[in-house]
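In what follows, a single structure is set out as structure tokens and then discussed.
Whatever order the structure lists them in is the order used to number ligands and atoms, beginning at 1. Residues: numbered from 1 along the sequence shown. Here the structure is a predicted model, which is why all the values come from computation and not from measurement.
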Amino acid sequence: MEALKGRDLLSLADLSAEEMKELLDLAAQLKTHQLSLRCNKVLGLLFYKASTRTRVSFSVAMYQLGGQVIDLNPNVTQVSRGEPLVDTARVLDRYLDILAIRTFEQEDLQSFANYAKIPIINALSDLEHPCQVLADLLTVQECFGTPDGLTLTYLGDGNNMANSLLLGCALMRMNVRIATPAEYQPDEAIVEQAKKIAQGNTEVTITNDPEAAAKGAHVLYTDVWASMGQEEQANARIPIFQPYQVNEQLLSIADPDAIVLHCLPAHREEEITDAVMEGSQSRVWDQAENRMHAQKALLVSLLGAD
Ligand code: CP
Ligand code: NVA
């Protein structure tokens, strides 16, 4: 996809609706057809937080494209000793072809992008997780064909997943409902951005009522109640988030053909019950696999296939 060549993906709002659709179509094609980047390219992974899926799926995608991966573990590079980010960015820019970063502050991703000419990919920040939502929407597309008229309901913490799902659903013209406790709503600026993208054509609903949100939904989605970096709040959050648990009762009021998604890792019997996660409506393993196909499409598009 020529239009994305050389660009960054820091937020899903960096994509137009058309670009998102093309990216998902390319991901679906790459799932069944091998493609090689004709010249060797190198992807750097700079992850300040733990990761299983993102790290491995990016690595395998790059290897399958014929490229190489360098794991820039912050603990064994100079970044953990305080080398300024803007210096690291300018140096890595001279070595790598593309860089995926998992970090805390969205502003740090922006600084990297300002100082490095190579494409910078947000591999999760406290604000957004765009790569995950590309895989989520690919899974929805596989399960339902067209996303037109579908409603995705996210229940739990108004975190990076909630924010990126708001943008992703709005771009795909899906209705999106986010149900969170009052003190844990998604980012206000992103809610406004999603409403602007939806232009009143699709529903963007923020609510504290889990049952109203789940009613008739085609996709029920949840994530951990305490994200990476918030572990010390985990126990205190359990009673606050309990009404938002994705369980069989909540699933019974969704559309009869509803699917259940979770970005993983999951805390079973907290945000999702074991029965639902292992149940017939769960698509979490296909969703996890799709990380690799969606990111392969992203790598091909940002690097250019020539
Ligand atoms: N869903 C996700 O990003 O998983 P990892 O934290 O394992 O990469
Ligand atoms: N909200 C979670 C997502 C993990 C993939 C976190 O940031 O820890």
Evaluate Tyr154 against Asn159 for side chain to side chain donor-acceptor pair (under 3.5 Å), listing each step before the verdict.
CA-CA 11 Å; Tyr154 172 93; Asn159 59 15; 3.1 Å; yes
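The protein heavy-atom contact nearest to atom 2 (C) of ligand 1 is Arg291 NH1, 3.3 Å.
Residues Asp87 and Gln78 bring no donor and acceptor atom of their side chains to less than 3.5 Å of each other. Of the N and O atoms on the side chains of Gln110 and Asn114, at least one donor lies less than 3.5 Å from an acceptor on the other residue.
Among Arg102, Arg53, Arg55, Met228, the residue whose heavy atom lies closest to atom 6 (O) of ligand 1 is Arg102.
Polar contact with ligand 2: absent for His129 (N/O pair, distance under 3.5 Å). Of the polar atoms of Leu264, at least one N or O is found under 3.5 Å from an N or O of ligand 1, judged by distance alone. Between Asn160 and ligand 2, at least one pair of N/O atoms sits closer than 3.5 Å. Residue-to-ligand polar distances keep Lys49 apart from ligand 2: every N/O pair is separated by 3.5 Å or more. Not one N or O of Leu264 is nearer than 3.5 Å to an N or O of ligand 2, by distance alone.
Of the heavy atoms in Leu124, only side-chain atoms (C-beta onward) come closer than 4.0 Å to ligand 2.
By the 4.0 Å heavy-atom criterion, His129 is counted among the residues contacting ligand 1. Between Leu124 and ligand 1 there is no heavy-atom distance shorter than 4.0 Å.
Ligand 2 places these atoms under 4.0 Å from at least one heavy atom of Asn159: 1 (N).
Ile121 pairs with exactly one of Leu10, Leu298, Asp8 by the side-chain contact (heavy atoms from CB on, under 4.5 Å) rule, that one being Leu298.
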